[in-house]
Amino acid sequence: YIHYAECMLNSEEMNSLKKELGKTLLFFPTHTCCEGGLEYEIHCMIDELLELKEKLGFDTVIVNMYYLDENKNGFGDLYNKAGFKVTTAGHQLDINFLNRLKTIILLSDYTCSNSIGTHTGYCVYLGKPHLVINPVQTLEEVNPLWRDLWETFEKDSSQAQVDKILVKNYFFVSILNVLALFLPLITYPYIISKLGDELYGYIVFSFTVITYIEIVAAWGFDISAVKDVAQYQHVKHRLNEIVSSVLYIRFIFCMFLLSLLVGALMLFDVKMKMLYILFSGHCIASVLFPGWFFQGIQELKYVTYFQLICKLVFVILMVVFIHSKADYLYYPILFSLGSLFGTAYGLYVMFEKYKVRLIGVKMRNVVYRFKRSTSIFYSRIADMIIERSNAILLGNFIGMQEVAYYDLANKIVRLGSFPIMILNQVLYPKVASERNFRLMRKVMAISFWVAILIWGLCVLLAPWGVEL
């Protein structure tokens, strides 16, 4: 249709206005419709446009907004404050809508948007290069006809590659979870025979306290950061901003909380204080470990390699150094050293292989990511209180020997969640980036019945396993 539209300005007026505007970037933000709207990060979008303006030398940025959106949520004012010119082509049923739109497009030298729409084709047809920045539309949100066509294209082109990635990640995560679940069960008899029930109970108790600090310091980024990395892994400056924000926040939180722990240990009479201090190394390593980054880019093999090496080294060193109750401090020392080594190597791979860089981050971006992860943090802290508080309560009111027994029982019970944990880690980046809810519902149904089966086996075999 744009071919038949007439420009609202004559050639002289167009040349005069183009001379006044200079080199011009035209941006089409995603807009609402009668059923609702698509949300996007306005401040991050403004940063993207400002960076494009600076890098490519644009004199003017024009934001063509939907007529209902100019004053909605203050978006128009925010674009104006950023130094952009805000305009609209009016209502789509207006007789001059296409004429205005064609005029606006012809005034530009370069165009961009954060969603696919008719404007994309119009810009290309009129000879204006078009860039789609951080698209917010997903397969579930576009017209069913286009969705069907896209799904057909996907099946013919890249579905085999997607399936290969999922299978590969499932394999690596399976190894990782098998290691995490069964290795403690295998080492449990040895460590109990050398340290005794009560001393091992103190180790479990202190490690549980450190786990609280880990969860608070992580602040839900293990989930929200995976989604962000999955969406922006190919936009280098956004990826640097995401990684930098997450690491800064987590490290600051971790050091603040650990300093509070040290202060509490100095003020109160706490048994086995050195266990808490020595486990702090593991806490720092866990908070800085970029597992969420590798999960987001769907390269879980690195997480598996790091964890596999660290856990095996820990087990070997544990057998070498721990022979009696007097050696109990070697447990947190070796555990922390293994974690720190894995984290150091993980950061090295992230920085060197994937060329991620730590950069200065604007405070509003840090605050945005902090607030965005808060709801996830609340849900995780609630789960952790339910799961971990039992060990704290047992240690305070009954005894450390019972804590050791509870730890063994908890490890056995966790076997029931084994398939769900694996599928969550493998599929979450794909679902987060593509919002493929049909796949998610199908996987949840399968996971439920597999978990029921494993839970039943645990109930039947647990007495035999404990005696063994």
Side-chain angles (χ1 to χ4, degrees), residues 1-9 11 14 17-18 21 23-42 45-46 48-49 52-53 56 58 60-70 72 75-76 79 84-158 231-232 234-235 433-436:
Y1 303 114
I2 202 75
H3 173 78
Y4 301 100
E6 296 183 0
C7 187
M8 300 288 289
L9 304 174
S11 59
M14 284 289 291
L17 189 52
K18 281 181 68 67
L21 294 173
K23 187 178 180 181
T24 301
L25 173 66
L26 174 61
F27 174 59
F28 292 89
T30 186
H31 60 74
T32 59
C33 58
C34 55
E35 291 85 5
L38 295 173
E39 296 182 355
Y40 62 98
E41 306 167 15
I42 178 67
M45 197 68 254
I46 288 174
E48 295 271 7
L49 294 173
L52 274 177
K53 180 182 179 183
L56 302 180
F58 290 107
T60 304
V61 176
I62 298 177
V63 180
N64 185 69
M65 302 192 70
Y66 186 54
Y67 78 104
L68 289 177
D69 291 345
E70 187 171 357
K72 184 179 179 181
F75 277 18
Y79 283 124
F84 306 153
K85 295 184 181 296
V86 178
T87 187
T88 179
H91 193 283
Q92 63 266 36
L93 298 181
D94 188 324
I95 193 172
N96 285 316
F97 172 75
L98 280 179
N99 296 336
R100 294 193 196 97
L101 185 58
K102 185 173 185 177
T103 304
I104 294 170
I105 295 173
L106 290 176
L107 283 170
S108 68
D109 298 286
Y110 200 99
T111 62
C112 61
S113 61
N114 61 340
S115 62
I116 302 296
T118 53
H119 57 271
T120 308
Y122 291 159
C123 292
V124 174
Y125 179 79
L126 293 174
K128 305 297 180 180
H130 190 82
L131 172 68
V132 180
I133 311 172
N134 304 335
V136 298
Q137 278 184 309
T138 63
L139 208 56
E140 294 294 328
E141 297 164 331
V142 298
N143 184 284
L145 173 62
W146 292 107
R147 183 168 66 244
D148 292 341
L149 289 173
W150 179 254
E151 287 176 343
T152 301
F153 171 76
E154 270 195 326
K155 289 177 182 178
D156 293 338
S157 59
S158 60
Q231 289 181 328
Y232 301 120
H234 301 299
V235 185
S433 60
E434 300 179 8
R435 299 185 69 180
N436 191 336

Pairwise salt bridge (Lys or Arg N to Asp or Glu O under 4.0 Å) hits with a residue in residues 114-127, at least two apart
none
Determine the minimum heavy-atom distance between K102 and A5, stating which atoms define it.
NZ-O, 2.9 Å
Closest non-hydrogen atom pair, K128 against L106:
NZ-O, 3.6 Å
Considering all heavy atoms, the nearest I95-N99 contact
O-ND2, 4.1 Å
If you look at every heavy atom in I2 and Y122, which pair is closest and at what distance?
CB-CD2, 3.6 Å
Please examine the side chains of K18 and L107, heavy atoms only from C-beta on, and report whether any two atoms are closer than 4.5 Å.
yes
Side-chain contact test, heavy atoms from C-beta onward, threshold under 4.5 Å: evaluate it for I62 versus F27 and give yes or no.
no
Is there side-chain contact between H91 and F97, with heavy atoms separated by less than 4.5 Å?
no
Look only at the side chain of T111 and the backbone of P129, and say whether a donor-acceptor pair between them is shorter than 3.5 Å.
yes
Provide the closest heavy-atom pair for S113 versus H130 in the form atom of the first, atom of the second, distance.
OG-NE2, 2.8 Å
What's the separation between atom CG in L101 and atom CG in N96, rounded to the nearest 0.5 Å?
12.0 Å
Measure from the side-chain N and O atoms of T103 to the backbone N and O of C7, and report whether any donor-acceptor pair falls under 3.5 Å.
no
As a quick check of understanding, evaluate side chain to side chain contact (heavy atoms under 4.5 Å, CB included) for L98 and Y4, giving each step before the final call.
CA-CA 9 Å; L98 280 179; Y4 301 100; over 6 Å; no
With K53, which residues qualify under side chain to side chain contact (heavy atoms under 4.5 Å, CB included), at least two apart?
F58, V61
For residues L25 and L56, determine if any side-chain heavy atom of one lies less than 4.5 Å from a side-chain heavy atom of the other.
no
Is the shortest side-chain heavy-atom distance between F28 and V132 below 4.5 Å?
no
Contact between T87 and V63 at the side-chain level, heavy atoms closer than 4.5 Å - yes or no?
no
Is it true that a side-chain atom of N114 and a backbone atom of T30 form a donor plus acceptor pair closer than 3.5 Å?
yes
Do P29 and Y66 make a side-chain contact, defined as non-hydrogen atoms from C-beta onward lying under 4.5 Å apart?
no
Checking side chain to side chain contact (heavy atoms under 4.5 Å, CB included) for the pair L49/C112: CA distance, chi angles, key distance, verdict?
CA-CA 9 Å; L49 294 173; C112 61; 3.9 Å; yes
Does N64 reach the side chain of V86, with side-chain heavy atoms less than 4.5 Å apart?
no
More than 12 heavy atoms of other residues, nucleotides or ligands under 6.0 Å from NZ of K85: is that the case?
no
Looking at every non-hydrogen atom in both residues, tell me the closest pair between I104 and L26 and how far apart they are.
CG2-CD1, 3.6 Å
